[in-house]
Amino acid sequence: MKSKSPVLRFLYEYGMITFGSALYALAFNWFFQPNNISMGGFTGVGQILNHFIPILPIGAASILLNIPLFIIGVRKQGVRILISSLYAMTMGSLMIDWLAMAHSFSPMDPLLASIYGGVLVGLSMGLLLNVGATTGGTELMARLLKYKIHQLSIGRLCLCIDVIVICLYALTFRSINNALYGIISMYISSLAMDTVVYGSINAKMAYIISAKSAPIAEKLLEMNLGITLLDGRGGFSGDEKQVVLCAFKRSQIAAIKATVTAIDPAAFIIVCEAHEVLGEGFGEYTPDSL
C-alpha cells in the first residue's frame, strides 16, 4: 500500500503485521504443536528447549533467542526494522502462548497438518516481509543473509535454515517421521512465502517473430507496453526480420495474443516466465530488496 498519509500507511503496515502474526500463531497451535511437527526457525528451537525445560514457554524462548539477531538487524537496516519486527515477534510469541492457554487443538493427520500449516506459515511470513517486518528467527536471519547470497530467494534461504533446525528436532524427539513432515511443511511454506513476496511482481515475457513486426510493435505501444526490437534472421529462409521483445503483467497475456494474431495469424509467439522485472511499470531495485 502506497499512501501519502503517514497515518494510513502506519495503520496499514501494523494491521498487516498483527494479522500476519495471528496467522503464524494459529498455524503453530493448530497444525504443528498438536502433531509434534517441527516448525523450524527459532520457534522450532523453542520447541526443543521447551522439551528439556517445560517451565519455559515456547513463545518466551523465541523472544530470548531473537535478541542477538535484532542487534545485527538494526546495524544493517536501521531502527525501523527493529520496531516493526519487535512488534511482530512479540505479538506472534504472545499469541502463541495466549492461544495455547485459550484452546487446545486436537491432533490430526500429519500430512494434512504439514500441508495446511506450511501454507499458513508461508502466507503469514510473506505478509510480514512485504511490510518490512519479520517475526525474527529464520526470516530475519534469511533477510540478513540475503545481503550476501543474492541468488537465492528469501523462501529458499528460510528453507535451508529450517531444515537444519528440523534435523536437530528429529535428534531431540527421536522422531524421523515428524521431522520429515516438518521438511514437507517448510518446503510448502517457502513456496507460499515466495508467492506472496514475489508474486505481485512476477511477469511474463514474449518474443514475437513476425513479418509484420512494425504494425505489431505499434499496437503494443498503444497498449502502453514497453517493447524492444531485436534484429533477427530466419534460420531456414535467411530472411532478415525484427523480433519484438515485450515484458508484461500476467493479466495482459490474453489481450497481447489477441492483438498479435489479429495482425498476423502466422506470427510465432514465445511466452516465457519472468521471475522478476525491474523498471517502469514494474518493480524497482533498492539495496534492501528481497
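Numbers here are sequence positions counted from 1.
In this structure, CD in Q252 is found 12.5 Å from NZ in K204, a value given to the nearest 0.5 Å. T172 OG1 to I48 CD1: the interatomic distance, rounded to the nearest 0.5 Å, is 4.0 Å. Distance check, rounded to the nearest 0.5 Å: CG of L49 to CD1 of I55 gives 14.0 Å. The distance from the CD atom of E13 to the OG1 atom of T18 is 11.5 Å, given to the nearest 0.5 Å. Atoms CE and CG, from M125 and L120 in turn, are 10.5 Å apart once rounded to the nearest 0.5 Å. Distance OG1/T261 to CD1/I216: 9.0 Å, rounded to 0.5 Å.
Taking hydrophobic clusters as Ile, Leu, Val, Met, Phe, Trp and Tyr residues chained together by side-chain heavy-atom distances below 4.5 Å, L180 does not share a cluster with I164. Cluster membership for I83 and L129, using ILVMFWY side-chain heavy atoms within less than 4.5 angstrom, is shared. The cluster map of Ile, Leu, Val, Met, Phe, Trp and Tyr, joined by side-chain heavy atoms under 4.5 Å apart, puts L56 and V165 in the same cluster.
The main-chain N or O of Q242 is never found under 3.5 Å from a side-chain atom of D231 such that the two would form a donor-acceptor pair.
Residues P110 and Y181 share a closest heavy-atom pair of CB-CE1, 3.3 Å. Across L225 and L221, no two heavy atoms sit closer than the pair O-CD2, 3.6 Å. Closest non-hydrogen pair, F248 versus A206, comes out as CE2-CB, 3.5 Å. Looking at every heavy atom in both residues, G46 comes nearest to A61 through CA-CB, 4.1 Å. Here the closest heavy-atom approach between residue I37 and residue S114 is recorded as CD1-OG, 3.7 Å. Between G122 and A192 the shortest heavy-atom distance is CA-CB, 3.9 Å.
Between M223 and T259, some side-chain heavy-atom pair lies under the 4.5 Å cut-off. Within the 4.5 Å cutoff, the side chain of S185 has no heavy atoms near those of the Y116 side chain. In this structure the side chain of F19 reaches within 4.5 angstrom of the side chain of L23, judged on heavy atoms. A heavy-atom distance below 4.5 Å is not found between the side chains of L123 and T195. Considering only heavy atoms from C-beta on, I166 comes within 4.5 Å of M186 through its side chain.
A ring-centre distance under 6.0 Å is not found for Y24 and F28.
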Verdict with reasoning, V260 to D264, per side chain to side chain contact (heavy atoms under 4.5 Å, CB included): CA-CA 6 Å; V260 172; D264 181 7; 5.6 Å; no
Is there a side chain to side chain contact (heavy atoms under 4.5 Å, CB included) between Q33 and I96 once you walk through the steps? CA-CA 10 Å; Q33 185 68 358; I96 285 174; over 6 Å; no
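The environment of K257 atom NZ is sparse: at most 12 non-hydrogen atoms of other residues, nucleotides or ligands sit within 6.0 angstrom. Heavy atoms from other residues, nucleotides or ligands lying under 6.0 Å from OH of Y187 number 12 at most.
Relative orientation of the F105 and H103 rings is perpendicular, given thresholds of 30° and 60° on the angle between their planes.
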